[in-house]
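Note that these values count all heavy atoms, side chains included, but never hydrogens, waters or copies made by symmetry.
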Amino acid sequence: MSERKVRKVWEKIGAKKINKVIEVSRLTKRFGNISAVNQITFNVIRGEIFGFLGPNGAGKTTTQRILTGIIEASSGSASIMGFDIKTQALYAKEQIGVVPEMTNVYVDLSAWDNLMLIGSLYGVSKRIRTTRATELLNLFNLYERKNEKTRVFSKGMKQKLLLCMALVHDPKILFLDEPTTGLDVQSSRLIREKILEFNRRGVSVFLTTHNIAEADQLCNRIAIIDHGKIAIIDKPESLKRAFQSVQAIEVSFSELIKDENELREIKGVNKAQKAGDKFRIYTDNPGELIAHLINFSRQQGLRILSLNTLGPDLEEVFVKITEEHRGWNHGKEKSNIESI
Amino acid sequence: MGKKNPILSQFKSACAICRKDMFIYYLKAPVLIYGLLFPFFLFLAFAIGRDISFESLLPTVLGLSIFFTSSSVGPIIAPWETRMRTLEKLISCPISLEFILLGDILAGFLYGMAVTLILLIFFIPFSVFVMENLFILILGIILSNFCFSCLGILLSSPATDNPSNIMMLSYLVKFPLIFISGVFLPINKLPPLGRLIAKFSPLTYTVDLLRYSSGKDHIYPAAFCLIVLFISIAVFLCIGIFLHRRNLPKRF
Ligand SMILES: Nc1ncnc2c1ncn2[C@@H]1O[C@H](COP(=O)(O)OP(=O)(O)O)[C@@H](O)[C@H]1O
Ligand SMILES: [Mg+2]
């Protein structure tokens, strides 16, 4: 058998054998004293969209940068399709398509030339490069403008082109770092649709986001990360309750409230915090709470100056989930002590 | 797309990087100004009003152009790509940093070669070359352009996203070199200290080779000059790659 045939057979077997397309074990990245990523462990299964959900500064980008070979981890290990990211970096990189955070296309090149450049860096032959580029640009409604310098492109168009560039070599895994942040609604929607479409075609996706709705809509599993630690990895359905209980309302009254505890005693209030001249109130059921708040203001003779619903707050989700875990641990420890 | 021959496919990728650099950076203002206009005006300032025959200008003209042109592309690339945020995408591609830098070096090298060739054609009617030395001349030009392109890459290694910082740094380094390397003033007319420093400038050997191949008095044997240029390339490459690798994480 020729070497090529061996490789083909090997690829076939390998393709079936590897079920965990990304394996991460105790990965840590320190910048000086702070641990941007702290001992995280997770796997991404073939064919899934894996969400990496967390607030700003949680360590999402750092994680993606380590996994895509941009920076090195301080400790721990990870592999992509079975290739170790440290010792077999080039092989690991061949398997993936990447859209980094806040990255840019070459604005001095046309959309087409951007795609050709990336295609050739992945070793895609000219013929296949051309076919794929044409197909992708059409898919993302950019084909008519392929010969324009991307300097004139809108942010949404650039992001779509970046997705094309991540897909031009037909990768097995797609890494996306907040792909819709700061984009207009149409572009965001198109990008989400395409992510789902390519996932259906068999591409596994690692998706970083701070948008709960986006994670909920796209992902098969979600890891919630903050301060460099993963709080939980679960299906979106199972996380719904955690998301719901920390929906927030921001309200401000015409006068100071004499006893803030009265506010906390309103039915449906999980937690109330003062934020400037406003109160931020967490609840499972914003609709019902608003009715109670109106009653409350009438009773107290106050006027409501403003009232905003904020949706679930990620920091709070994280705190809540971590507390639940800790509470559970504490309970266990206590019972241990008691049994002694 | 299994890699049948990693080195070959990495080299192909380096060529793709080089093509990209040629399209984007050859026409950027700092490259045009520092790589073409500046040496041209330096030459004018030197030549105007002096009684020098055209053909005896050859070492000066070619020395200036090789030195400044080939080293003008490298310094702009790394800071520019850091600022424009295109670097992270590039690093995520399956090409090692060494070959990315090789692509950048090739771009500077070809820029220098193109300008040198155009100038050489100008000199042909004056038949200033010693024909037997033509091969040495060509080899010297190739090695010199490559050498100073590597110098350009080395100079771009500090992790800044401000191209003009690097341009300033590279002028701090490059400008003094032309005065002690025999470009304007033959080395044997320099003061003793100048002569000593000149020994450590690769440009000295480029100019000496040019003098040799245009039949002028020269100091070192041609083979020695070629070897020194070769060693300079190796040194610039090693230090350049080392510093770029070390500073890469600071660019994101
Ligand atoms: N190059 C760096 N140097 C120092 N600190 C960094 C660097 N990159 C990230 N950090 C820090 O690491 C933490 C995580 O950052 P990041 O991964 O970008 O978060 P996210 O993408 O979730 O918003 C932050 O506190 C950030 O300030
Ligand atoms: Mg981020």
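B/Tyr25 contributes atom OH, which lies 7.5 Å from atom CG of A/Asp108 (distance to the nearest 0.5 angstrom). Interatomic distance, OG of B/Ser92 versus CD of A/Gln64, reported as 9.0 Å (0.5 Å rounding). Rounded to the nearest 0.5 angstrom, B/Cys93 SG and A/Met165 CE are separated by 7.5 Å.
B/Lys20 contributes no side-chain N or O that, together with a main-chain N or O of A/Leu109, makes up a donor-acceptor pair within less than 3.5 Å. B/Lys12 places no side-chain N or O within 3.5 Å of a backbone atom of A/Gly123 that could act as its donor or acceptor partner.
Environment of CZ in B/Phe38: crowded, with over 12 heavy atoms of neighbouring residues, nucleotides or ligands closer than 6.0 Å. Atom CD of A/Glu72 is surrounded by 12 or fewer heavy atoms from other residues, nucleotides or ligands within 6.0 Å. For B/Arg83, the CZ atom is densely surrounded, since the number of other residues' heavy atoms within 6.0 Å is greater than 12. In A/Arg127, the CZ atom is not crowded: 12 or fewer heavy atoms of neighbouring residues, nucleotides or ligands sit closer than 6.0 Å. Summarising the local packing, CZ of A/Phe153 is surrounded by more than 12 heavy atoms from other residues, nucleotides or ligands at distances under 6.0 Å. Environment of NZ in A/Lys149: sparse, with no more than 12 heavy atoms of neighbouring residues, nucleotides or ligands closer than 6.0 Å. The number of heavy-atom neighbours closer than 6.0 Å to CZ of B/Phe230, taken from other residues, nucleotides and ligands shown, is 12 or below.
Chain B forms more heavy-atom pairs under 4.5 Å with one residue of A/Asn114, A/Leu162, A/Thr103 than with any other, namely A/Thr103. Per-residue counts of heavy-atom pairs under 4.5 Å with chain B were compared for A/Ile71, A/Val99, A/Leu117; the largest is that of A/Leu117. Here B/Thr86 is the residue among B/Ile95, B/Thr86, B/Ile91 with the most heavy-atom pairs under 4.5 Å with chain A. Note: A/Pro100 leads A/Ser125, A/Ser120, A/Pro100 in heavy-atom pairs under 4.5 Å with chain B.
B/Leu87 does not touch chain A: none of its heavy atoms, backbone or side chain, sits under 4.5 Å away. Contact annotation for A/Ala166: both backbone and side-chain heavy atoms come within less than 4.5 Å of a heavy atom of chain B. Using a 4.5 Å cut-off between heavy atoms, A/Ile118 contacts chain B through its side chain alone, with no backbone atom that close. If you measure heavy-atom distances from A/Val107 to chain B, the contacts under 4.5 Å come from the side chain alone.
Of all the heavy atoms in A/Glu94 and B/Pro94, the pair that sits closest is CG-CB, 3.7 Å.
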Walk me through whether B/Met84 and A/Tyr106 qualify under side chain to side chain contact (heavy atoms under 4.5 Å, CB included). CA-CA 8 Å; B/Met84 296 302 284; A/Tyr106 284 101; over 6 Å; no

List the steps, then state whether side chain to side chain contact (heavy atoms under 4.5 Å, CB included) holds for A/Asn104 with B/Lys89. CA-CA 8 Å; A/Asn104 206 348; B/Lys89 178 72 197 161; over 6 Å; no

Kindly determine whether B/Glu88 and A/Glu101 satisfy side chain to side chain contact (heavy atoms under 4.5 Å, CB included), including the steps that lead there. CA-CA 9 Å; B/Glu88 185 167 353; A/Glu101 184 185 41; 6.0 Å; no

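For the pair B/Ile17/A/Leu121, a side-chain contact is recorded, criterion being any heavy-atom separation below 4.5 Å from C-beta on.
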